[in-house]
A.B. asks: 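Sharing a structure here in structure tokens format.
Just so you know, these numbers use all the heavy atoms, side chains as well, and skip hydrogens, waters and symmetry mates. Sequence lines set the chain letters: A, B, ... in the order given, protein chains first and strands last, and positions in each chain run from 1.
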There are 2 protein chains.
Amino acid sequence: MTKNPDGKMAEPPTMSDVARRAGVSAMTVSRALKEGSHVSKATRERIAQAINELGYVLDQSAGSLSSRRTGFVAAIIPSINNSNFSDTARGITDALEGTGLQLLLGYTNYSVDREEELIEAMLKRRPEGIILTGGSHTPRGRRMLEQAGIPVIETWDRPAQPIDKVVGFSNGEAMELLVETLAGKGYQRFGYIGGTTSRDTRGSQRRAGFVRALERLGLPSDRVISFGVPPISMEQGAQAVVNMLERWPDTQVALCVSDLSAFGALMECQRRGLKVPDDIAIAGFGDYEIAACCHPRMTTVNVDCYGIGRQAALKLTQTIQAASAEPPEPITVTGFRVIEREST
Amino acid sequence: MTKNPDGKMAEPPTMSDVARRAGVSAMTVSRALKEGSHVSKATRERIAQAINELGYVLDQSAGSLSSRRTGFVAAIIPSINNSNFSDTARGITDALEGTGLQLLLGYTNYSVDREEELIEAMLKRRPEGIILTGGSHTPRGRRMLEQAGIPVIETWDRPAQPIDKVVGFSNGEAMELLVETLAGKGYQRFGYIGGTTSRDTRGSQRRAGFVRALERLGLPSDRVISFGVPPISMEQGAQAVVNMLERWPDTQVALCVSDLSAFGALMECQRRGLKVPDDIAIAGFGDYEIAACCHPRMTTVNVDCYGIGRQAALKLTQTIQAASAEPPEPITVTGFRVIEREST
DNA sequence: CTTTTGGATGATAGCGATAACATACGCAGG
DNA sequence: CCTGCGTATGTTATCGCTATCATCCAAAAG
């Protein structure tokens, strides 16, 4: 930290300081700092030098108060420690590249109350748009979003009553497709491993899809282990599969709410000397890196996490820019596909 | 988005709107919104009601211009898609809870140039402090940090010339400890798997520690595979171990720059029918969830990622608050320990 | 030589909040 | 009944920047 000779903190220089030093007005400095405005080359250079000498950094919060553009968008994800969501965040960042918009990221730990707090905290900073994960919010959170006057994008889900725009897919249908694919290979006795339903909406929908598909196929759908508070960990997946094998020893295939719990289950089976997929088959959800790399490689459902982020950010920037031009489609449905590998 | 009858966007209400509706001055509204200021109960309630009716949300960017406190701290990490760093981010968030400070998170993808961009982008928003990963920055990035007039905390490393404060550990020493521990178990022919040196400073230091420890022990230290651009993935770890076994088939133990590459190597060995640790032992670095859960469970080095974040944030808030009181220690050294498991 | 045009720059007035000071009022103590 | 003080509220002046309009001037056009 730079200090004055008297030991007190030096006040950072302002635009006027730069202007004075360069012998121009503050307005000209402001222009010089902005792309595509008319400032003569000589002036521009004098200003650049003054900025350099003073170590000046533009105060964007002051600027945005004046221009009424804060230059950032907010995104709220359940967890950053989950590569599915961090891939989405990466997609957002990449799509924002070059738009002059910056990402303000927050995470909820899968709590809607924490989400409400975050929504408020973010809205206080006046983002130009906001991207959410899922369509479940507290009533107050929802109301704040509706009244914020900015584009709102819900992702990773297909809410029955979208607030504004949506980029997502049906988690239930994706799980149904996985069940059908595996049933097509001859599996009949399916088990499901997931967390308790309360917090993780996407998890609940996957489980509902599991049950729906089996009922449609006329197969038993009661082998469901709900274990632990979502998101369930690798270790919890390991414990759950033990639990499942105790209750229903003849289970042929265990579907898991995510690749992480599936991986835990897979390792636990190996530890107990079970052959996967011969003794028991295992499939996950999400197509994490680990699913492609573990041994045996894991069957899973790929959902275009990165693409969800990209498209959400794209829709956002389109909505912001095209204030009057034709707005983008309100709902984008992203794809998913079953990746069959060695574990089934 | 709320729109007026004429179809244009409704301007969000300001504090004056609230004040008018509640029959008080804007200043009183400002006070009512702030803890511990004297506003009568009746007035407070009238204001709360007006806020509710209008759906008002405080504009913090305007407030911070006036109060000269933006209420957030910036943190820059290499990747959010890496649980070590996201654990650090979680530690920061948790330690910031209740301080009125919010976290603005950015990630560099392990690029110092991207770091420089981020530093500038963040500084433009006038954070009250900034937390960085590592001690390698571009000269310009470093200069901006020095001149910013805010506390700077470098983490995950022990820079030779710290900018300001440090919360970290020596990656080299940690790797030395791992080598010594394994040498103590009788291993003699060590291999190392890591990325090319250019980008990942911490990775380079771990490799240097590997070499140092072996030289000190009088063991060969040339079995080093540098493969791929950091951060190296599970898949790259798998490829690297194949490469290593081709070049030095009698390698007894492979140390990897992180648990992720170690896991890839472990799975690849199993795929090739090698017994771990009998045919080859494998150890990682970082103590990720996967290391505790894979089969066989992986020996690794635990570094207190979460604690690094917590302590960095703590040091930051102490520095901010105790402007004149005694400032915190400039350097905090966090611990690490070898976790011996089944893979060695 | 006048007019037009547009680039370069400056002056002024906010953006929406809060700091700092000012005012009004009620109640305890003399 | 006055002084003194603390609570409750209002007024004013910025915070650092940019939108907007005004001005000046040189070069192109007529």
Side-chain angles (χ1 to χ4, degrees), chain A residues 9-48 50-51 54-72 100 123-128 148-149, chain B residues 9-48 50-51 54-72 100 123-128 148-149:
Chain A
M9 295 304 306
E11 286 297 311
T14 71
M15 195 173 265
S16 304
D17 297 329
V18 174
R20 201 170 312 119
R21 190 171 194 111
V24 295
S25 72
M27 196 58 233
T28 303
V29 176
S30 175
R31 287 195 186 99
L33 254 26
K34 204 153 134 184
E35 306 275 309
S37 35
H38 306 285
V39 177
S40 75
K41 190 148 181 242
T43 309
R44 206 177 275 275
E45 273 163 12
R46 276 214 316 289
I47 290 173
I51 286 176
L54 292 171
Y56 172 72
V57 176
L58 179 69
D59 185 336
Q60 203 163 146
S61 66
S64 55
L65 180 59
S66 177
S67 65
R68 305 162 91 30
R69 291 211 51 193
T70 54
F72 73 84
L123 255 26
K124 281 185 180 173
R125 301 192 184 277
R126 297 284 188 270
E128 300 187 28
Chain B
M9 296 304 305
E11 286 296 311
T14 72
M15 194 172 266
S16 304
D17 297 329
V18 175
R20 202 169 311 118
R21 190 172 193 111
V24 295
S25 72
M27 196 60 233
T28 303
V29 176
S30 175
R31 287 195 186 98
L33 254 27
K34 204 152 134 184
E35 306 274 310
S37 33
H38 306 284
V39 176
S40 75
K41 189 146 181 246
T43 309
R44 205 177 276 275
E45 275 163 10
R46 273 214 319 288
I47 290 173
I51 286 176
L54 291 172
Y56 172 72
V57 176
L58 179 69
D59 185 335
Q60 207 164 138
S61 66
S64 55
L65 180 60
S66 177
S67 66
R68 305 164 89 32
R69 291 211 51 193
T70 54
F72 73 85
L123 256 27
K124 281 186 180 173
R125 301 191 183 277
R126 297 286 188 270
E128 300 187 28

A.B. asks: Quickly work out the Glu11(A) CD to dG16(D) C1' distance and round it to whole Å.
C.D. replies: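 My rounded result for the distance is 12 Å.
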A.B. asks: Please give, in whole Å, the distance from dC17(D) P to Leu65(A) CG?
C.D. replies: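 Taking CG of Leu65(A) and P of dC17(D), I get 12 Å after rounding.
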A.B. asks: Which residues pass the side chain to side chain donor-acceptor pair (under 3.5 Å) test with Thr28(B), sequence neighbours left out?
C.D. replies: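 With sequence neighbours excluded, Thr28(B) shows a side chain to side chain donor-acceptor pair (under 3.5 Å) to Ser25(B), given in chain and number order.
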A.B. asks: Cut-off 3.5 Å, side chains only: do Thr43(B) and Ser40(B) have a donor facing an acceptor?
C.D. replies: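 Side chains of Thr43(B) and Ser40(B): pair found under 3.5 Å.
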A.B. asks: State which residues pass side chain to side chain donor-acceptor pair (under 3.5 Å) with Arg44(A); sequence neighbours excluded, sorted by chain then number.
C.D. replies: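 Partners of Arg44(A) by the side chain to side chain donor-acceptor pair (under 3.5 Å) criterion come out as none, since no residue qualifies.
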A.B. asks: Near DNA chain D, under 4.0 Å by heavy atom, which residues of residues 37-44 of chain B?
C.D. replies: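 Within residues 37-44 of chain B, the residues near DNA chain D are His38(B), Val39(B), Ser40(B), Thr43(B).
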A.B. asks: Return whichever of Arg68(B) or Thr28(B) has its heavy-atom-nearest nucleotide of DNA chain D closer to the 5' end.
C.D. replies: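 That would be Thr28(B).
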A.B. asks: How large an angle, rounded to 10°, do the end axes of the helix from dC1(C)-dG30(D) to dG30(C)-dC1(D) enclose when each is built from five base pairs?
C.D. replies: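 End-to-end axis angle: 40°.
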A.B. asks: Indicate the atoms forming the closest heavy-atom contact of Val18(B) with Ile51(B), along with that distance.
C.D. replies: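 For Val18(B) and Ile51(B), the tightest heavy-atom pair comes out as CG1-CG1, 3.7 Å.
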A.B. asks: Whole angstroms only, please: what is the CG-P distance between Leu33(B) and dT9(D)?
C.D. replies: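 After rounding, the gap between these two atoms is 15 Å.
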A.B. asks: Residues two or more places apart in sequence or in another chain: which of them pass side chain to side chain donor-acceptor pair (under 3.5 Å) with Ser30(A)?
C.D. replies: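 Checked Ser30(A) against side chain to side chain donor-acceptor pair (under 3.5 Å); zero matches.
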A.B. asks: At the 4.0 Å heavy-atom cut-off to chain A, mark where contacts on DNA chain C begin and end, going 5' to 3'.
C.D. replies: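 With heavy atoms of chain A under 4.0 Å away, the range is dG7(C) to dG16(C).
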A.B. asks: Who pairs with Ser66(A) by side-chain contact (heavy atoms from CB on, under 4.5 Å), at least two apart in sequence or on another chain?
C.D. replies: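 Expected list: none.
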A.B. asks: Do any of residues 15-24 of chain B sit with a heavy atom less than 4.0 Å from DNA chain C, and if so which?
C.D. replies: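 Heavy-atom cutoff 4.0 Å gives Met15(B).
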A.B. asks: Per the salt bridge (Lys or Arg N to Asp or Glu O under 4.0 Å) rule, what does the pair list look like for residues 60-71 of chain B, sequence neighbours excluded?
C.D. replies: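 Those involving residues 60-71 of chain B are Glu11(A)-Arg68(B), Arg69(B)-Glu128(B).
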A.B. asks: Measure the shortest side-chain to side-chain distance between Leu33(A) and Tyr56(A) over non-hydrogen atoms and say whether it is less than 4.5 angstrom.
C.D. replies: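 Heavy-atom side-chain distance check passes, below 4.5 Å.
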A.B. asks: Quick one, Val39(A) and Val24(A) - any side-chain contact, counting heavy atoms below 4.5 Å?
C.D. replies: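 No, side chains not in contact.
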A.B. asks: Is there any salt bridge (Lys or Arg N to Asp or Glu O under 4.0 Å) pair reaching into residues 18-41 of chain A, and which pairs are they, with sequence neighbours excluded?
C.D. replies: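 Found Asp17(A)-Arg20(A), Arg21(A)-Glu53(A).
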A.B. asks: Grab the N/O contacts between the protein and nucleotides 19-26 of chain D below 3.5 Å, and write none if there aren't any.
C.D. replies:
unit_1	atom_1	unit_2	atom_2	d
dA19(D)	OP2	Lys34(A)	NZ	3.3

A.B. asks: With a 4.5 Å limit on heavy-atom distance, are the side chains of Leu65(B) and Ser61(B) in contact?
C.D. replies: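 Result no, sub-4.5 Å side-chain heavy-atom pair not found.
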A.B. asks: With Arg126(B), which residues qualify under side-chain contact (heavy atoms from CB on, under 4.5 Å), at least two apart?
C.D. replies: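 Arg126(B) satisfies side-chain contact (heavy atoms from CB on, under 4.5 Å) with Val57(A), Asp59(A), Thr70(B) once adjacent residues are dropped.
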A.B. asks: When the distance from CD of Glu45(B) to P of dA8(D) is rounded to whole Å, what number comes out?
C.D. replies: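 About 14 Å, once rounded to whole Å.
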A.B. asks: Need to verify one output field. Residue with the more 5' nearest nucleotide on DNA chain D, Ser25(B) or Val29(A)?
C.D. replies: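 That would be Ser25(B).
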A.B. asks: Between Leu54(A) and Pro13(A), what is the shortest heavy-atom contact and its length?
C.D. replies: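 Scanning both residues, the minimum pair turns out to be O-CG, 3.6 Å.
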